[in-house]
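Notes follow once the structure below has been shown.
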Amino acid sequence: MKTQQFTVIKLPLKKILEQDCNVTLTDDEQNEYLVEQADSLLFDQILRLRGNDSHHISELILIVAKKNAAKVQNLKHHYPKQEKQLRAVLDHGFFYNGRRYMRFGKSASQGKAGITAFVSEDIFEELFRITQMDIPVTECVISKYEAQRCLLFSSCTIIKDYIPNIIIIGEYEKVLKDQYVRYVVQKQKEITDKET
């Protein structure tokens, strides 16, 4: 089965900062920034929330903000300003053709490439809730939490309208009589070295 391809906008951070976080592009200008992405659970959820099928995912924009070590060393006085602007975009989002986009997250591979995904504000809350499977998170290791939550960025083949056979079994108990069971227990033990 062939994986479906979608197009998304992939903008450099510089483009957003040039237009003071209020980017306006015509269709022809936008075509310069379109990239193809394989199908994923994220795209499937966006299409479900949207309610119609399309090969362009307008609700998601990828932002590229990769650090360039050589540039940083040569332009040290410019770097703190760009970092401050990047933090503002990450915290408050940006506007693209009149629509607000907010930071959604990044997969591990996107993090290495300096890419962060932003999602349209109108579906942000519901999509975020879906990625957490409606379970509130009170304590976590942020890097592990984001990597786990953003696994839905991974490409996969979606099988439409597939309903698996699911069997639900109530409480079940079985007593195993006269069985020798080996298991591990945690207990403190003092060991003495015979030579010393």
Side-chain angles (χ1 to χ4, degrees), residues 1-10 34-65 90-93 96 99-191:
M1 182 178 239
K2 189 178 178 187
T3 305
Q4 191 172 1
Q5 295 288 312
F6 292 92
T7 58
V8 295
I9 298 168
K10 187 177 181 182
L34 289 180
V35 293
E36 283 198 344
Q37 299 271 303
D39 201 359
S40 68
L41 290 172
L42 177 67
F43 294 159
D44 183 59
Q45 288 300 323
I46 289 172
L47 293 176
R48 286 170 188 249
L49 290 173
R50 182 196 297 168
N52 63 9
D53 216 0
S54 170
H55 288 288
H56 177 65
I57 306 293
S58 61
E59 294 85 356
L60 177 79
I61 295 180
L62 302 175
I63 302 302
V64 182
L90 293 173
D91 290 343
H92 306 293
Y96 179 81
R99 194 175 189 185
R100 185 173 180 210
Y101 287 81
M102 299 171 64
R103 182 191 183 279
F104 188 73
K106 59 185 166 222
S107 67
S109 62
Q110 286 172 332
K112 290 176 190 172
I115 297 170
T116 304
F118 285 74
V119 172
S120 175
E121 183 178 38
D122 56 329
I123 65 165
F124 179 86
E125 291 294 329
E126 192 168 0
L127 191 59
F128 198 85
R129 187 180 53 76
I130 289 167
T131 62
Q132 291 191 159
M133 298 189 329
D134 227 357
I135 301 169
V137 175
T138 54
E139 272 186 44
C140 69
V141 176
I142 294 172
S143 59
K144 290 181 179 182
Y145 162 73
E146 179 140 298
Q148 180 72 35
R149 194 178 61 78
C150 292
L151 280 173
L152 70 151
F153 282 97
S154 301
S155 63
C156 63
T157 302
I158 304 290
I159 301 171
K160 299 284 184 189
D161 302 322
Y162 171 72
I163 300 174
N165 295 320
I166 299 172
I167 299 171
I168 299 172
I169 300 173
E171 292 291 325
Y172 177 76
E173 285 185 20
K174 182 176 182 178
V175 177
L176 301 173
K177 294 182 179 181
D178 301 325
Q179 297 288 318
Y180 178 69
V181 179
R182 294 180 68 182
Y183 58 95
V184 177
V185 294
Q186 185 177 0
K187 66 180 184 178
Q188 194 170 355
K189 186 175 182 179
E190 189 175 312
I191 300 174

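Every side-chain hydrogen bond (donor to acceptor under 3.5 Å, both in side chains) that His56 has, sequence neighbours left out, goes to Thr7. Ile163 meets the side-chain contact (heavy atoms from CB on, under 4.5 Å) test with no other residue; sequence neighbours excluded. Listed by chain and residue number, nothing satisfies the side-chain hydrogen bond (donor to acceptor under 3.5 Å, both in side chains) test with Glu125 (two or more places apart in sequence, or in another chain). Partners of Phe43 according to the ring-ring contact (aromatic ring centres under 6.0 Å, His included) rule, which considers only residues two or more places apart in sequence or in another chain, are Phe6. Take Val35 and apply the side-chain contact (heavy atoms from CB on, under 4.5 Å) test, not counting sequence neighbours, and it matches Val8, Lys10, Gln37. With sequence neighbours excluded, the residues forming a ring-ring contact (aromatic ring centres under 6.0 Å, His included) with Phe128 are Phe124, listed by chain and number. Residues satisfying the side-chain hydrogen bond (donor to acceptor under 3.5 Å, both in side chains) criterion with Tyr101, sequence neighbours excluded, are absent altogether. A search for side-chain hydrogen bond (donor to acceptor under 3.5 Å, both in side chains) contacts involving Glu121 returns Arg100, not counting sequence neighbours. By the salt bridge (Lys or Arg N to Asp or Glu O under 4.0 Å) test, Asp122 is found to be paired with Arg99, residues two or more places apart in sequence or in another chain being considered. Among residues two or more places apart in sequence or in another chain, the side-chain contact (heavy atoms from CB on, under 4.5 Å) test is passed with Leu41 by Leu152, Cys156, Ile158. With sequence neighbours left out, the ring-ring contact (aromatic ring centres under 6.0 Å, His included) criterion links Phe104 to no other residue.
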Acceptor/donor pairs from residues 133-140 side chains to any protein atom, 3.5 angstrom cut, sequence neighbours excluded:
| from | atom 1 | to | atom 2 | distance (Å) |
| --- | --- | --- | --- | --- |
| Asp134 | OD2 | Arg129 | NH1 | 3.3 |

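Atom CD in Glu59 sits 10.5 Å away from atom CD1 in Ile9 (nearest 0.5 Å). Thr131 OG1 to Glu146 CD: the interatomic distance, rounded to the nearest 0.5 Å, is 10.0 Å. Annotation: the span from Ile46 atom CD1 to Ser54 atom OG amounts to 11.5 Å, rounded to 0.5 Å. Residue His92 holds its NE2 atom at 13.5 Å from CZ of Arg103, rounded to the nearest 0.5 Å.
Under the 4.5 Å side-chain criterion, counting only non-hydrogen atoms from C-beta, Gln5 is not in contact with His55. Using a 4.5 Å cut-off on side-chain heavy atoms (C-beta onward), Ile63 and Ile115 make no contact. Within the 4.5 Å cutoff, side-chain heavy atoms of Arg50 are placed close to those of Ile57.
Distance alone, capped at 3.5 Å, places no donor-acceptor pair between the Ser120 side chain and the Ile123 backbone.
The shortest non-hydrogen separation linking Ser154 to Ser40 is O-CB, 3.3 Å. Considering every non-hydrogen atom in both Phe118 and Gly93, the closest pair reads CE2-CA, 4.2 Å.
The number of heavy-atom neighbours closer than 6.0 Å to CD of Gln132, taken from other residues, nucleotides and ligands shown, is above 12. Heavy atoms from other residues, nucleotides or ligands lying under 6.0 Å from CG of Asp178 number 12 at most.
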